[in-house]
Amino acid sequence: MHEFQILIILIIALALVFDFINGFHDTANAIATSVSTRAISPRAAIVMAAVLNFCGAMYSTGVAHTIGGDIVKSAGHVNELIIVAALASAIFWNVLTWWLALPSSSSHALVGGIIGSVLVSTGAIGLNFYGIGKIILSLILSPVIAGITGCIIMTLLFITFGRFNPSSINNKFKKMQILSAAMMAFSHGSNDAQKSMGIITLALLSAGYIQVFEVPTFVKIMAAIAMACGTGIGGWRIIRTVGGKIFKLEPISGFASDLNSSLIIFSATLLSLPVSTTHVVSGSIMGVGTAKRVRAVHWGVAEQMMIAWILTIPSTALAAAIIYKFLKLFF
């Protein structure tokens with residue numbers, strides 16, 4: 001078997017591992033709020049999230065085109081080693097932040113990995129800075145928008161239902177939370193699974209297996225299955241952080257957070273923009289908590305998360321550069 005064929009197989013395997021880890025790392029995004037408020041049992045929530053993650057992953061390929069086509073100038077500026085280094089770096093960061101129970105962005109990790117490995121291999125000339133700027137802008141603005149709209153939605157719910165008995169309202173919103181969690185799971189799959197689809201398709205294009213950047217059906221199915229399986233495993237360490245350490249959620253606030261997050265993420269999918277579902281959900285929870293009382297949000301935990309967010313791209317870029325240099329010793 002030729003050397004480049006081995007690398008293509010390795011890329012596909014790593015991309016699916018990345019999707020799997022993304023699934024269990026980001027399970028919290030879809031179900032943490034509904035589990036923490038006991039609107040749904042953990043087992044049922046994970047099964048629902050896994051199924052809807054798969055369905056969402058099969059929805060479209062616009063985000064895959066953005067990831068695969070907007071970071072590097074062309075397929076000629078990327079090779080198999082660059083992609084292997086980027087994926088390995090992103091996987092390392094996801095596992096590290098999962099172990100530390102820190103919600104971090106798989107999207108940031110992947111983008112940082114690609115930037116770092118391209119810089120050390122072909123130099124800045126290989127990067128599409130306009131495309132990178134667009135991606136980073138969407139990654140930065142999405143949690144900010146989520147915080148603002150989350151606060152607005154929660155305020156409107158307070159105005160609408162504030163005169164009713166809180167216990168009665170929360171019981172009703174427990175049922176509605178199941179619907180909002182389902183929406184969140186579908187939107188998560190529709191955005192996050194496409195990132196590995198884009199990477200695999202880019203690798204197939206650069207190796208000459210396909211002639212144009214179109215995501216093959218088998219790639220969509222593999223990525224969707226990998227993410228659904230990862231979601232089925234569940235990331236309980238992250239679930240505890242997202243579900244309770246940022247802000248003590250009630251069914252009505254959990255519903256507001258999930259509804260807000262799902263609308264923002266799915267809107268980004270329709271615009272072919274990759275966003276960090278972790279950042280969007282965390283931003284939504286902070287916004288919802290602020291609507292109740294600014295001091296109700298545990299800003300110390302939020303600060304730790306923000307530090308992880310800021311460090312992700314430079315850390316994964318550096319790790320990818322080191323991994324690329326190491327791989328060059330053997331290939």
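All residue numbers refer to positions in the sequence shown, counting from 1. Only heavy atoms go into these numbers, but all of them, side chains included; no hydrogens, no water, no symmetry mates.
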Check whether S257 reaches the backbone of G254 with its side chain - one donor and one acceptor, N or O, closer than 3.5 Å.
no

Using modelled atom types and a 3.5 Å cut-off, is there a donor and acceptor pairing between side-chain atoms of T269 and backbone atoms of I265?
yes

Please check this pair: side chain of S117 against backbone of I82, looking for a donor-acceptor N/O pair closer than 3.5 Å.
yes

Checking S196 side chain against A193 main chain: does a donor-acceptor pair fall under 3.5 Å?
yes

Evaluate the side-chain contact (heavy atoms from CB on, under 4.5 Å) criterion for residues K73 and I125: first the C-alpha distance (whole Å), next the side-chain angles of each, then the deciding distance (0.1 Å), finally the verdict.
CA-CA 8 Å; K73 285 185 177 178; I125 193 173; 4.1 Å; yes

Taking S121 for the side chain and V118 for the main chain, is one N or O donor matched with an acceptor at less than 3.5 Å?
yes

Hey, does the side chain of S276 reach the backbone of H279 with a donor-acceptor pair shorter than 3.5 angstrom?
yes

Looking at C229, is its backbone amide N or carbonyl O close enough to the side chain of N53 to form a donor-acceptor pair, meaning the two atoms are under 3.5 Å apart?
no

hydrophobic_cluster_shared for I152 and V281, side chain cutoff 4.5 Å:
no

Could you check whether any side-chain heavy atom of Q194 comes within less than 4.5 Å of a side-chain heavy atom of K220, counting everything from C-beta outward?
no

Any side-chain donor-acceptor pair under 3.5 Å between K195 and S106?
no

Side-chain donor or acceptor of T201 paired with backbone N/O of G198 under 3.5 Å
no

In terms of heavy-atom contacts, does CZ of F92 have more than 12 from other residues, nucleotides or ligands at under 6.0 Å?
no

Going by heavy atoms in the side chains, are F255 and L157 under 4.5 Å from each other?
yes

Can you check whether A15's main-chain N or O pairs, donor with acceptor, with D19's side chain at less than 3.5 Å?
no

For residues 315-331, please give each side-chain donor-acceptor pair under 3.5 Å, one per line with the distance, not counting sequence neighbours.
{"residue": "S315", "atom": "OG", "partner": "L311", "partner atom": "O", "Å": "2.7"}
{"residue": "T316", "atom": "OG1", "partner": "A109", "partner atom": "O", "Å": "3.4"}
{"residue": "T316", "atom": "OG1", "partner": "T312", "partner atom": "O", "Å": "2.8"}
{"residue": "T316", "atom": "OG1", "partner": "I313", "partner atom": "O", "Å": "3.2"}

Please find out if less than 6.0 Å separates the ring center of F186 from that of F54.
no

What verdict does the side-chain contact (heavy atoms from CB on, under 4.5 Å) test give for D70 and I132, after you've listed the backbone C-alpha separation in whole Å, the side-chain angles of each residue and the deciding distance to 0.1 Å?
CA-CA 7 Å; D70 283 7; I132 292 171; over 6 Å; no

Should L110 and L10 be regarded as members of a common hydrophobic cluster, given that ILVMFWY residues are connected when their side-chain heavy atoms come within less than 4.5 Å of each other, either directly or indirectly?
yes

Which pairs of donor and acceptor atoms, one on a side chain in residues 136-146, lie under 3.5 Å apart (sequence neighbours left out)?
{"residue": "S138", "atom": "OG", "partner": "I135", "partner atom": "O", "Å": "2.7"}
{"residue": "S138", "atom": "OG", "partner": "P274", "partner atom": "O", "Å": "2.9"}
{"residue": "S142", "atom": "OG", "partner": "S138", "partner atom": "O", "Å": "2.9"}
{"residue": "S142", "atom": "OG", "partner": "L139", "partner atom": "O", "Å": "3.4"}

Is it the case that the side chain of S253 and the backbone of E250 share a donor-acceptor pair, with hydrogens and angles ignored and the cut-off at 3.5 Å?
yes

